[in-house]
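Working notes, beginning with the structure itself.
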Amino acid sequence: MVTVPPFSMLILGIETSCDETGVALYCTERGLLAEALHSQVDLHAVYGGVVPEIASRDHVRMLLPLIQRVMDEAAIEKPDAIAYTAGPGLVGALMVGGGMANGLGLAWDCPVIPVHHMEGHLLAPMLEDEPPAYPFLALLVSGGHSMLIRVRSLGDYRVLGTTLDDAVGEAFDKTAKLLGLGYPGGPALAKLAETGDETAYDFPRPMVNKPTMDFSFSGLKTAVMLEVRKAETEGRLEESRADLAASFQRAAVDTLVAKSIRAARAEGLERIVVAGGVGANKLLRKEIADRFDGEVYYPRLAFCTDNGAMIAVAGALRLADAATAGQIRARARWSLESLGIPGR
Ligand SMILES: Nc1ncnc2c1ncn2[C@@H]1O[C@H](COP(=O)(O)OP(=O)(O)OP(=O)(O)O)[C@@H](O)[C@H]1O
Ligand SMILES: [Mg+2]
């Protein structure tokens with residue numbers, strides 16, 4: 001452990017857990033100074049999903065130039081600390097960010113802060129002008145996770161519900177694939193849904209009437225698949241695609257909103273934070289704001305999906321966990337509840 005001085009600190013954030021190379025500079029006094037993002041989507045699109053080895057190699061190619069870019073933009077020679085995503089994620093990809101963070105930490109003689117990727121998503125709304133106060137309910141919905149979390153304070157997390165099968169982002173991606181849309185499918189499906197009739201198909205709202213806070217999306221995905229096959233056999237798939245997309249999106253959003261509101265009420269929480277890639281979904285943002293009688297917070301759209309800014313701000317809030325550079329941490333799986341309060 002190193003002692004962290006209680007004055008303004010400049011944190012370099014590095015995100016490389018999956019298929020986005022994200023870098024940002026965050027100042028504890030002045031906020032976000034610069035950020036840069038490189039998406040690998042085009043590299044993986046031909047394979048229909050993320051290829052881990054290609055992801056790692058591309059992080060190696062892009063990370064240093066992006067760091068140079070944000071340092072130049074903010075006119076900074078060296079940060080006070082470096083925060084990097086240490087998991088959960090693809091181990092090879094995490095090693096690239098962790099290796100760079102620790103190498104630079106040794107060169108610049110500054111401490112490093114290993115950050116939990118999902119805590120980064122959860123804290124992304126702290127970058128906004130009006131950040132949420134504690135306690136709140138977090139709906140974390142991304143490509144790999146669907147979680148309802150009771151957040152009492154920084155690091156005091158209890159997972160109330162999680163997905164039993166596919167994450168909701170994965171369900172969007174797989175359904176998009178069924179509808180002949182590219183990877184990643186979530187944004188494309190949401191766009192197609194804008195022109196469709198969401199009442200055309202009555203898809204199941206998975207487990208919405210059960211008391212559990214857990215989610216399950218594979219049944220919904222299968223229901224869409226059966227309708228896609230039927231439409232194909234009947235030669236009307238092309239004209240049905242928008243209706244299928246809209247009806248799927250409505251069912252998924254209804255499920256997320258109903259469960260989030262129920263969880264917030266059960267826990268007596270007056271604030272909901274929606275974060276993670278699916279948090280960029282316009283219908284989800286609108287419905288939860290319309291139907292919840294408390295306050296709803298989201299990160300700006302660009303900070304819903306993976307980015308370096310959320311890692312930098314999470315690092316700033318976890319300065320008490322800063323360690324001397326030299327030991328790379330990379331964990332494919334990592335429980336959010338195990339994090340605990342910073343510095344303990
Ligand atoms: N507008 C949208 N509507 C629905 N889904 C969306 C939208 N925009 C992005 N997504 C989905 O968000 C996911 C990507 O989010 P994110 O980058 O947070 O996930 P990840 O980093 O791959 O997963 P994790 O954070 O769980 O490791 C994809 O599944 C994508 O389809
Ligand atoms: Mg993510």
Side-chain angles (χ1 to χ4, degrees), residues 13-22 37-41 44-45 48-52 55 59 85-91 93-94 97 115-125 138-147 149 159 162-163 166-179 181-194 215 217 220-221 245-246 248-253 255-257 273-288 298-311 314 330-336:
I14 296 177
E15 157 60 37
T16 64
S17 69
C18 191
D19 59 348
E20 249 110 24
T21 319
L37 186 76
H38 165 73
S39 170
Q40 303 178 349
V41 159
H44 301 292
V50 178
V51 183
H59 287 309
T85 305
L90 303 169
V91 169
L94 292 166
V115 169
H116 191 293
H117 179 79
M118 299 314 290
E119 186 176 54
H121 276 303
L122 192 149
L123 297 175
L139 171 67
L140 277 191
V141 273
S142 59
H145 296 82
S146 309
M147 295 198 280
I149 302 157
V159 178
T162 185
T163 184
D166 289 351
V168 64
E170 205 176 347
F172 265 89
D173 292 339
K174 287 181 179 170
T175 304
K177 205 168 181 177
L178 283 173
L179 296 174
L181 302 166
Y183 164 85
L189 188 145
K191 182 134 192 42
L192 179 62
E194 283 172 16
F215 301 100
F217 288 102
L220 170 59
K221 188 190 64 193
F248 162 82
Q249 177 177 249
R250 168 54 70 179
V253 165
T255 307
L256 295 174
V257 174
V273 162
V274 183
V278 183
N281 186 275
K282 279 190 212 151
L283 184 68
L284 173 62
R285 291 166 92 98
K286 181 184 175 305
E287 287 295 310
I288 207 155
Y298 333 82
R300 72 195 78 168
L301 286 179
F303 293 161
C304 283
T305 40
D306 293 352
N307 63 86
M310 69 184 195
I311 302 305
R331 299 170 71 168
R333 290 175 181 276
W334 188 3
S335 141
L336 194 59

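We count ligands from 1, going down the list as the structure has it; atoms in each ligand are counted the same way.
- Residues satisfying the salt bridge (charged side-chain N to carboxylate O under 4.0 Å, His left out) criterion with Glu287, sequence neighbours excluded, are Arg250, Arg291.
- Among Val278, Asp19, Leu283, Val253, the residue whose heavy atom lies nearest to atom 11 (C) of ligand 1 is Val278.
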Practice problem: Verify side-chain contact (heavy atoms from CB on, under 4.5 Å) between Arg285 and Leu301, making sure each step is shown before the conclusion. | Solution: CA-CA 10 Å; Arg285 291 166 92 98; Leu301 286 179; 3.6 Å; yes

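- Ring planes of His121 and His117: perpendicular class, angle over 60° (limits at 30 and 60°).
- Asp173 OD1, 3.7 Å is the protein heavy atom nearest to atom 30 (C) of ligand 1.
- Within the 3.5 Å criterion, the main-chain N or O of Ala93 finds a donor-acceptor partner in the side chain of Thr16.
- In terms of protein heavy-atom proximity, atom 5 (N) of ligand 1 is closest to Gly186 CA, 3.6 Å.
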Quiz prompt | CA sep, side-chain torsions, deciding dist, call: Leu122, Leu336, side-chain contact (heavy atoms from CB on, under 4.5 Å) | solution = CA-CA 10 Å; Leu122 192 149; Leu336 194 59; 4.2 Å; yes

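- Annotation: atom 9 (C) of ligand 1 to nearest protein heavy atom, Gly277 O, 3.4 Å.
- Nearest to atom 21 (O) of ligand 1 among the protein's heavy atoms is Asp306 OD2, 2.7 Å.
- At a 4.0 Å heavy-atom cut-off, ligand 1 touches Thr305 through backbone and side chain alike.
- In terms of protein heavy atoms, atom 13 (C) of ligand 1 is closest to Gly143 N, 3.6 Å.
- Applying the 4.0 Å criterion to heavy atoms of His121 picks out, from ligand 1, the atoms 18 (O), 25 (O).
- In this structure Arg331 satisfies the salt bridge (charged side-chain N to carboxylate O under 4.0 Å, His left out) test with no other residue, sequence neighbours excluded.
- Atom-to-atom distance recorded for His59:NE2 and Ser17:OG is 7.0 Å, nearest 0.5 angstrom.
- In terms of modelled atom types and a separation under 3.5 Å, the side chain of Asp173 and the main chain of Gly186 share a donor-acceptor contact.
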Quiz item: Could you go step by step and tell me if Glu15 and Ile311 meet the side-chain contact (heavy atoms from CB on, under 4.5 Å) rule?
Solution: CA-CA 7 Å; Glu15 157 60 37; Ile311 302 305; 3.7 Å; yes

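- Residue-ligand proximity: Met118 is placed with a non-hydrogen atom under 4.0 Å from ligand 1.
- Looking at Thr163, its side chain never comes within 3.5 Å of a backbone N or O of Ser146 through a donor-acceptor pair.
- Within the listing of ligand 1, atoms 29 (O) sit less than 4.0 angstrom from a heavy atom of Gly169.
- For atom 3 (N) of ligand 1, the nearest protein heavy atom (residue, atom name, distance) is Asn281 ND2, 3.0 Å.
- No part of Lys282 comes within 4.0 Å of ligand 1, judged by heavy-atom distances.
- Between Asp19 and Tyr183 the shortest side-chain heavy-atom distance falls below 4.5 Å.
- Geometrically, ligand 1 and Gly185 share no nitrogen or oxygen pair separated by less than 3.5 Å.
- Around the Mg ion (ligand 2), the protein contributes the following N, O or S atoms at distances under 2.8 Å: His117 NE2, His121 NE2, Asp306 OD1.
- Among the atoms of Ser142, some N or O lies under 3.5 angstrom from an N or O of ligand 1.
- Looking at heavy atoms from C-beta onward, Phe248 lies out of side-chain contact with Leu179 at the 4.5 angstrom threshold.
- Between His145 and Thr162, every side-chain heavy-atom pair lies at or beyond the 4.5 Å cut-off.
- Not counting sequence neighbours, Asn307 has no partner by the side-chain hydrogen bond (donor to acceptor under 3.5 Å, both in side chains) test.
- On a distance-only criterion, Ala190 and ligand 1 share no N/O pair closer than 3.5 Å.
- Near Gly144, meaning under 4.0 Å from one of its heavy atoms, ligand 1 places the atoms 23 (O), 24 (P), 26 (O).
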